[in-house]
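A short worksheet on the structure shown next.
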Amino acid sequence: MRIVFLGPPGAGKGTQAQRLMAEHGMVQVSTGDLLRDAVRRGTPAGLRAKAKMDAGALVSDDIVLELIRERLGAPDTRRGFILDGFPRNLAQAEALGPVLAGIGQALDAVVLLDVDLDILKKRITGRRTCSLTGKLLNIHFSPQAELDACTAAGGTLVQRADDNEATIDNRLRVYREQTEQLVPYYQKLGLLRRVAGEGGMDEVYSRLTQALGLAA
Ligand code: AMP
């Protein structure tokens, strides 16, 4: 399947995408991850993107579209993919059509992970990635055994640079002002599926697979 994940920062897009990838063989394409990688490697795109990312603002469409074009052109995406964090505004959504047409593909569904704003902040400030496995964890919500397993194996729990109180409000505002308009946009195209993103990870995953017709 070819899916877009919509939802505010902290809605669980990355977590749910990682599980769909593990269980259904779809590739997770996260523009946030692609951009963080470009920043780490110090590429020209990364150097241009860094200040915007640190401020919680959107990186310019041309940089993001170039990364998406390149990533979706890779052969592993032919088995299906989840776009996580892209598109983020109307211009990106409109540019996605021709990119997909160019590789002979079309979207099957757009999932909106709906979460109350109050819960989002706790999810975002608690979010950590295990440096060894890349697994997404949360110091407030993950089982202690999972957090300990990472550190016991010699890993560290890494916090994203933009997951801090100062940046979060801006990221949520950008979502409301620029990304949320994609909900009616995809609804009109008949692609939108709403999934309640509250509750535990397993609970959300089971709603998600039901909504996508993938439930066992
Ligand atoms: P994320 O990991 O999806 O929360 O993205 C982290 C940051 O990367 C965002 O706050 C933006 O600065 C940037 N970013 C990620 N995806 C996009 C996109 N589709 N368009 C513009 N900026 C993006």
Side-chain angles (χ1 to χ4, degrees), residues 1-37 53 56 58-59 64 67-68 71-72 77 80-89 92-93 96 107-130 134-138 140-142 158-163 167-168 170-183 185-187 191-212 214:
M1 286 188 93
R2 291 163 294 266
I3 306 168
V4 165
F5 269 8
L6 273 184
K13 301 187 294 295
T15 303
Q16 297 297 334
Q18 280 189 353
R19 186 145 170 203
L20 270 186
M21 178 160 77
E23 295 186 15
H24 291 277
M26 293 171 220
V27 176
Q28 174 195 16
V29 176
S30 153
T31 41
D33 285 348
L34 293 173
L35 286 163
R36 280 185 287 279
D37 184 54
M53 293 175 75
L58 290 189
V59 171
V64 174
L67 289 173
I68 275 285
R71 184 65 189 90
L72 290 183
T77 59
F81 55 77
I82 305 152
L83 294 182
D84 161 10
F86 177 91
R88 278 275 224 288
N89 60 27
Q92 292 180 9
L96 177 60
L107 291 179
D108 297 302
V110 174
V111 173
L112 171 64
L113 274 178
D114 240 343
V115 181
D116 203 71
L117 283 187
D118 297 340
I119 300 179
L120 292 175
K121 282 205 186 179
K122 206 164 172 196
R123 283 202 183 167
I124 299 172
T125 51
R127 182 153 67 181
R128 301 288 186 277
T129 304
C130 176
K135 189 177 167 68
L136 280 171
L137 297 162
N138 191 297
H140 303 306
F141 302 117
S142 296
V158 182
Q159 184 173 30
R160 271 171 48 171
D162 60 347
D163 276 348
T167 312
I168 290 167
N170 201 32
R171 288 163 63 203
L172 292 173
R173 192 176 50 76
V174 167
Y175 177 76
R176 276 194 303 269
E177 290 177 0
Q178 303 197 49
T179 311
E180 211 165 33
Q181 58 184 313
L182 299 182
V183 174
Y185 175 86
Y186 283 120
Q187 193 153 31
L191 289 170
L192 194 77
R193 321 239 173 120
R194 283 175 194 270
V195 172
E198 274 144 41
M201 224 163 71
D202 293 344
E203 216 178 320
V204 177
Y205 186 72
S206 121
R207 282 184 215 125
L208 174 67
T209 49
Q210 292 238 332
L212 292 173
L214 294 170

With no hydrogens and no angle check, is any side-chain donor or acceptor of [X] less than 3.5 Å from a backbone partner on [Y]?
{"X": "R88", "Y": "T31", "result": "no"}
{"X": "R207", "Y": "A196", "result": "yes"}
{"X": "T77", "Y": "L72", "result": "yes"}
{"X": "T167", "Y": "D163", "result": "no"}
{"X": "D108", "Y": "R2", "result": "yes"}
{"X": "Q18", "Y": "T15", "result": "no"}
{"X": "K13", "Y": "L83", "result": "no"}

Exercise for the section: Please determine if D202 and R19 form a salt bridge, counting it only when a charged side-chain N lies under 4.0 Å from a carboxylate O. Expected result: yes
Problem - Charged N-O contact under 4.0 Å between D116 and R123 - result: no
For the residue pair [X] and [Y], what are the closest heavy atoms and their distance?
{"X": "P87", "Y": "V4", "value": "CD-CG1, 3.9 Å"}
{"X": "A211", "Y": "V195", "value": "CB-CG2, 3.7 Å"}
{"X": "L137", "Y": "C130", "value": "CD1-CB, 4.2 Å"}
{"X": "M53", "Y": "V59", "value": "CG-CG2, 3.7 Å"}
{"X": "L107", "Y": "L191", "value": "O-CD2, 3.8 Å"}

Is any side-chain heavy atom of [X] less than 4.5 Å from a side-chain heavy atom of [Y]?
{"X": "R71", "Y": "D33", "answer": "no"}
{"X": "Q159", "Y": "R128", "answer": "yes"}
{"X": "Q92", "Y": "N89", "answer": "yes"}

Exercise for the section: Please report the C-alpha distance between Y205 and L20 in whole Å, then the side-chain angles of each, then the deciding distance to 0.1 Å, and finally whether the side-chain contact (heavy atoms from CB on, under 4.5 Å) criterion is met. Expected result: CA-CA 8 Å; Y205 186 72; L20 270 186; 3.8 Å; yes
Practice task
Please step through side-chain contact (heavy atoms from CB on, under 4.5 Å) for the pair M1 and H24, ending with a clear verdict.
Solution key: CA-CA 9 Å; M1 286 188 93; H24 291 277; over 6 Å; no
Problem - side-chain contact (heavy atoms from CB on, under 4.5 Å) assessment of I82 paired with Q16 - result: CA-CA 10 Å; I82 305 152; Q16 297 297 334; over 6 Å; no
